[in-house]
Amino acid sequence: MKRTIVPFGPQHPVLAEPLVLDLVLEDEKVIDAIPTIGYIHRGLEAMVDRVEYTEMGFVVERICGICSFMHGMGYCLALESIMSVEVPDRARWLRIIWAEISRIQSHLLWLGLGADAFGFENLFMHCWRMREEILDIFEKTTGGRIIHSVNRIGGVKRDISDSELIAIVARLDGLGKAFEATARVFANDPSIRHRMSGVGVLSMADARAVDAVGPMARASGVRMDTRLAGQNLYDQIEFEPVLETAGDCLARVVVRMREVRQSIDLIHQMVDKMPKGEGLPLENKPRGNPSGETFTRLEQPRGEVVYYVKANGTKYLERFRARTPTFANIPAMIKLVKGCDLADVPNIILTIDPCISCTER
Amino acid sequence: MSNPFRLPMAPRAIRNLFSKPATRRYPYEIRPRFDGARGTIKFDVDTCNYCTLCAKRCPAAAITVSREDRTWAIEHLTCIGCNVCVEVCAKKSLAMSTEAKHVHTHAEVGPQGQRPGHEEWHGADPAIAAAAAKAAAELSIDAPSS
């Protein structure tokens, strides 16, 4: 049969970011998909040779506007492990509280975008209305809605008072109730089921073979979550990753919805367990320049992110690299797109939650 | 709650009929910013001693300070609002106001090539400033206490 090549992106209505796929079609069936990346490469990693390591955190934060908190946190964790800085307890708890709040923010954003992609614009607005509350919490506690700039090498810059933490938990509970109404729509609406159920199925064996990460892997039943390693105090709270077994687009939506609820529950536990009181130390300032190399892993909303930092004893790092979750999920995405209908391609691409600005940095 | 007509959005739609809109009419109604939100840098020319620490620490190189000319300048369009300069300022001459950054347009580029977002202060000459301070002090001594 005659083959046609249809370019998908860099400008496509379904995705604001410049993902580029060349889709090889036979009639309406996708036979092959060839990805191209590099449209928004900004060379952020190469900036280490002219930006001091203390200031590099602000650059790393700007890799992506959605997981900016976790990028800053991962960079600081890497530098702290090289410089053997002991981070005060309260600062460590505050970091993971902010991290979980940013996970809720990211998932709500994605659920909205997903709804928009399959044409449910009303639902998109409901998701983003809830996200706005999270951004308010961020503005109140960190000073910024998107770029938080609270992570420092050695701790955090701002404290959240105990009364404020209780207010945040109450607010998240209210948000959780509002979220249930939206979650029911995602779970029960016949048009959503029709678009998502049984589309783009990634089996557990395939997910392992192509090394899918994050909600993508967990929707296929792979019990994989960096938080399970117990770093960053996750060993002190009860945590079990959300798993679904269907592996289709709907399962990926359900995993993210359940993770929103789970994050609210985790924040409850964190606020209960963290050391209370005013004026507790938040920062241990590092001394001297870093020397050595390290790998740091974090579970971002989209999956596992890996930071590699190599320092040579000067104030400029020798090498900094971030392997972001979308980059790891591109092989899985290509595998799903092959063999599907052209009309399902936008849905499948969106359910991996692609962040191209993370991928290309 | 599942309803028999499989219309999961129906309760929400009915509630929306009787509730306030979720959005604001933006230019007429502006949400006040929270305390501690990072907005615009404010500079106090009277207390600055031109130590240049803020310029050295600024990750975006938005601040230029000259000790000789006693000038302090900031490019608001380059500033990333990270708050570092406010934290390092020993004289507390810098403050972060919660007011949102001003929107700059090309119309601000005048015939003299003014830079949008560029703000500059010139401090008084130290000798003159000292004389003024002395005069003010004498004045306050001479003034009858009430």
Side-chain angles (χ1 to χ4, degrees), chain A residues 47 50-62 72 115 120-123 125-133 135-152 157-161 164 178 180-194 283, chain B residues 1-17 19-24 26 29-42 53-63 77-89 94-101:
Chain A
M47 281 176 80
R50 49 186 194 280
V51 177
E52 290 176 23
Y53 78 93
T54 45
E55 295 168 358
M56 192 60 197
F58 297 118
V59 176
V60 175
E61 231 178 13
R62 283 161 171 80
F120 208 147
E121 210 166 305
N122 200 341
L123 198 54
M125 289 176 190
H126 283 301
C127 291
W128 278 44
R129 171 156 76 180
M130 286 184 274
R131 174 178 176 258
E132 203 59 29
E133 290 210 22
L135 294 184
D136 280 355
I137 294 176
F138 268 128
E139 186 178 335
K140 224 172 183 174
T141 54
T142 68
R145 281 159 58 89
I146 303 293
I147 300 292
H148 310 305
S149 299
V150 278
N151 275 303
R152 272 283 185 80
K157 278 208 286 199
R158 291 197 187 202
D159 197 0
I160 312 179
S161 68
E164 181 77 43
E180 287 312 316
T182 310
R184 269 197 297 275
V185 181
F186 271 106
N188 298 328
D189 191 88
S191 61
I192 296 179
R193 285 196 161 267
H194 193 66
E283 199 180 347
Chain B
M1 180 185 70
S2 66
N3 56 51
F5 304 107
R6 309 274 284 166
L7 293 169
M9 285 295 268
R12 182 82 245 185
I14 292 166
R15 213 173 319 145
N16 280 355
L17 277 178
S19 58
K20 268 197 340 190
T23 50
R24 290 177 202 88
Y26 166 65
E29 190 187 341
I30 296 173
R31 173 176 72 84
R33 306 201 69 192
F34 296 107
D35 290 342
R38 295 194 310 274
T40 323
I41 297 287
K42 295 283 173 210
L53 195 57
C54 50
K56 276 184 200 143
R57 291 286 174 83
C58 177
I63 301 175
L77 289 181
T78 313
C79 170
I80 58 170
C82 62
N83 212 32
V84 166
C85 53
V86 180
E87 285 157 28
V88 298
C89 185
L94 287 166
M96 181 67 86
S97 84
T98 59
E99 133 197 357
K101 285 200 173 182

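Worth saying up front: this structure is predicted, and the values here are computed from it rather than measured. Convention: sequence-line order gives letters A, B, ...; per-chain numbering from 1.
- With rounding to the nearest 0.5 Å, the separation of CZ in A:R62 from CD1 in B:I80 is 4.0 Å.
- Between the side chain of A:R129 and the main chain of B:T23, no donor-acceptor pair closer than 3.5 Å is present.
- The part of B:R31 that comes within reach of chain A is its side chain, from C-beta onward, which places non-hydrogen atoms under 4.5 angstrom from that chain.
- The two residues A:H148 and B:R38 have their closest heavy-atom pair at O-NH1, 2.8 Å.
- Closest heavy-atom contact between A:E139 and B:A37: OE2-CB, 3.5 Å.
- Contact count versus chain B (heavy atoms, under 4.5 Å) is highest, among A:H126, A:E52, A:M56, for A:H126.
- Environment of CZ in B:R57: sparse, with no more than 12 heavy atoms of neighbouring residues, nucleotides or ligands closer than 6.0 Å.
- For the atom pair OG1 (A:T142) and CZ (B:F34), the distance works out to 11.0 Å, reported to the nearest 0.5 Å.
- Interface remark: A:F120 contributes side-chain atoms only to the contact with chain B (heavy atom separation under 4.5 Å).
- Interface residue B:N16: only side-chain heavy atoms are found under 4.5 Å from chain A.
- Interface summary for chain A: among B:P59, B:A22, B:G39, the most heavy-atom pairs under 4.5 angstrom belong to B:P59.
- Heavy-atom distances place no part of A:V51 under 4.5 Å from chain B, backbone and side chain included.
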